[in-house]
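Predicted, not measured: the structure shown is a model, and the values here were computed from it.
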Amino acid sequence: MLQIQNINKEYKTGELVQKALDQVTVGFRDSEFVAVLGPSGSGKTTLLNIIGGLDRYDSGDIKINGTSTKKYKDRDWDSYRNYSIGFVFQSYNLIPHQSILANVELSLTIAGMSRKQRRDKAKRALEEVGLLDQRHKKPNQMSGGQMQRVAIARALVNDPDILLADEPTGALDSETSVQVLELLKKVASNRLVIMVTHNEQLAGSYATRTIKLLDGKITADSDPYELTDKEPVSAKQSKLAKVSMSFFSSISLSFNNLWTKKGRTILTAFASSIGIIGIT
Ligand code: ADP
Ligand code: MG
């Protein structure tokens with residue numbers, strides 16, 4: 001379903017060129033719990049960000065249900081990220097002044113949904129992580145483990161095919177880590193979960209597969225998966241094809257897009273006004 005082929009990624013900062021990923025090839029099943037292990041700086045976050053479309057690869061290819069992403073435009077990556085991927089970070093990244101329910105609801109990107117439908121979907125996600133009764137709390141009224149479960153609910157609310165978690169238990173004690181891993185294991189029963197972790201022991205007891213990275217290369221894979229060209233494309237087709245955006249959602253996404261590229265937008269506006277003043 002998800003095939004990573006000969007991916008290379010370098011970061012250039014001034015004179016320094018850092019190879020973060022070096023010819024990485026790996027295939028993932030539609031539903032499995034993969035733990036990515038490796039020392040700090042080995043490329044784990046880079047791999048996760050590239051799989052999730054947060055960062056671009058230099059060369060190689062990522063195939064989603066057999067379809068190459070080589071020709072993907074920013075817009076294609078945006079919808080891939082919005083509809084197929086859920087992210088969970090070590091630092092939870094919840095909005096502090098919003099309720100738990102609002103935090104989950106706000107990340108709903110599926111268009112054409114009524115207010116009530118959105119609320120119901122967010123409630124269902126919170127129920128799945130066992131926190132429905134806590135929905136009116138603010139993040140700072142919860143424990144670290146609870147906040148991470150909220151973050152998982154938020155990542156699941158769009159029902160993504162793939163959940164990516166970068167050291168989700170990195171800030172948690174061992175007892176709470178176990179709860180989060182139990183939850184991720186449950187989540188992985190019907191989707192692909194890829195989790196970066198430092199904890200080899202926990203990875204061994206919860207993940208169904210472990211992959212080791214060193215200096216941007218895969219050095220071990222406990223249960224490799226190679227998709228042959230002849231194999232039929234999975235029944236669970238990518239959601240990209242099905243997505244049709246409502247007018248208002250596409251407008252709000254465009255504004256978001258303008259905002260993320262605010263530097264460019266401001267410069268363009270500035271340059272145009274100089275032009276107009278010049279002509280006048
Ligand atoms: P890990 O998550 O395994 O600790 P990373 O994927 O974050 O490793 O980093 C891999 C390598 O790439 C490291 O050497 C790191 O310094 C470098 N790197 C990661 N992100 C950037 C960036 N945005 N700019 C420059 N170098 C980076
Ligand atoms: Mg990292």
Side-chain angles (χ1 to χ4, degrees), residues 1-13 17-28 30 43 45-89 93 106-113 154-166 191-192 194 216 227 229 233-272:
M1 171 222 182
L2 184 68
Q3 189 73 22
I4 314 294
Q5 291 174 337
N6 305 313
I7 288 286
N8 291 291
K9 176 70 181 177
E10 279 179 359
Y11 289 109
K12 297 186 187 73
T13 30
V17 178
Q18 180 73 50
K19 195 146 188 84
L21 292 177
D22 190 358
Q23 290 290 114
V24 171
T25 296
V26 56
F28 296 102
D30 278 351
T45 297
T46 307
L47 179 63
L48 222 59
N49 288 349
I50 285 182
I51 290 176
L54 285 179
D55 208 345
R56 301 287 171 271
Y57 51 82
D58 297 335
S59 62
D61 197 4
I62 297 182
K63 285 190 175 155
I64 303 161
N65 289 326
T67 307
S68 166
T69 56
K70 273 184 190 161
K71 300 232 163 69
Y72 262 32
K73 306 266 186 316
D74 281 355
R75 199 181 23 173
D76 303 314
W77 284 115
D78 285 346
S79 36
Y80 168 67
R81 237 187 0 258
N82 283 330
Y83 299 103
S84 301
I85 302 285
F87 275 103
V88 175
F89 304 93
N93 293 3
L106 276 169
S107 76
L108 262 172
T109 50
I110 295 172
M113 219 181 260
R154 181 186 54 187
L156 292 178
V157 75
N158 289 309
D159 192 23
D161 292 335
I162 304 168
L163 184 81
L164 303 173
D166 197 352
R191 49 169 64 76
L192 170 62
I194 308 177
L227 192 81
D229 284 342
V233 171
S234 88
K236 197 176 170 186
Q237 280 290 353
S238 157
K239 288 198 197 92
L240 291 182
K242 288 184 244 155
V243 167
S244 80
M245 250 185 251
S246 83
F247 180 63
F248 286 108
S249 298
S250 38
I251 297 242
S252 92
L253 277 180
S254 323
F255 274 113
N256 264 336
N257 206 20
L258 275 184
W259 180 246
T260 41
K261 291 177 185 145
K262 52 187 173 298
R264 205 192 296 174
T265 311
I266 291 167
L267 273 179
T268 314
F270 183 61
S272 320

Criterion side-chain contact (heavy atoms from CB on, under 4.5 Å) on Arg81 and Phe87, from CA distance to verdict: CA-CA 9 Å; Arg81 237 187 0 258; Phe87 275 103; 4.2 Å; yes
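- Phe89 CZ to Leu48 CG: the interatomic distance, rounded to the nearest 0.5 Å, is 8.5 Å.
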Worked check of side-chain contact (heavy atoms from CB on, under 4.5 Å) between Ile194 and Leu163: CA-CA 6 Å; Ile194 308 177; Leu163 184 81; over 6 Å; no
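- Once rounded to the nearest 0.5 Å, the distance linking CD1 of Ile64 with CZ of Phe28 reads 12.5 Å.
- Considering every non-hydrogen atom in both Tyr57 and Lys9, the closest pair reads CA-CD, 4.5 Å.
- Contact record, Gly216 with Val24: O-CG2, 3.3 Å, taken as the closest heavy-atom pair.
- The distance from the CG atom of Asp159 to the CG atom of Leu108 is 10.5 Å, given to the nearest 0.5 Å.
- Note that the CD1 atom of Ile4 and the CG atom of Leu47 stand 6.5 Å from one another [nearest 0.5 Å].
- Within the 3.5 Å criterion, the main-chain N or O of Gln23 finds a donor-acceptor partner in the side chain of Asn8.
- Going from atom OG1 of Thr67 over to atom CD of Gln3 covers 12.5 Å, rounded to the nearest 0.5 Å.
- Between Thr25 and Ile7 the shortest side-chain heavy-atom distance does not fall below 4.5 Å.
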Trace of the side chain to side chain donor-acceptor pair (under 3.5 Å) decision for Tyr80 with Thr69: CA-CA 10 Å; Tyr80 168 67; Thr69 56; over 6 Å; no
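- Remark: the backbone N or O of Ser68 is not paired with any side-chain donor or acceptor of Asp61 at under 3.5 angstrom.
- Look at Lys73 and Asp76 and you find no salt bridge, because none of the NZ, NE, NH1 or NH2 atoms lies under 4.0 Å from a carboxylate O.
- Across all non-hydrogen atoms, the minimal contact from Ile51 to Ile85 is O-CD1, 4.1 Å.
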Pair Arg75-Asp78, salt bridge (charged side-chain N to carboxylate O under 4.0 Å, His left out): steps then yes or no: CA-CA 5 Å; Arg75 199 181 23 173; Asp78 285 346; over 6 Å; no
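- When every heavy atom of Val17 is checked against every heavy atom of Lys12, the shortest pair comes out as CG2-CG, 4.0 Å.
- A donor-acceptor pair under 3.5 Å links the side-chain atoms of Asn158 to the main chain of Ser107, judged by distance alone.
- A donor-acceptor distance shorter than 3.5 angstrom exists from the side chain of Arg191 to the backbone of Pro160, with no hydrogens or angles considered.
- If you take OG1 on Thr45 and CG on Asp166, they are separated by 3.5 Å, rounding to the nearest 0.5 Å.
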Full working for side chain to side chain donor-acceptor pair (under 3.5 Å) between Asp161 and Ser84: CA-CA 5 Å; Asp161 292 335; Ser84 301; 4.5 Å; no
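- Closest heavy-atom contact between Ala155 and Val88: CB-CG2, 3.8 Å.
- The two residues Arg56 and Asp74 make their nearest non-hydrogen contact at NH2-OD1, 4.0 Å.
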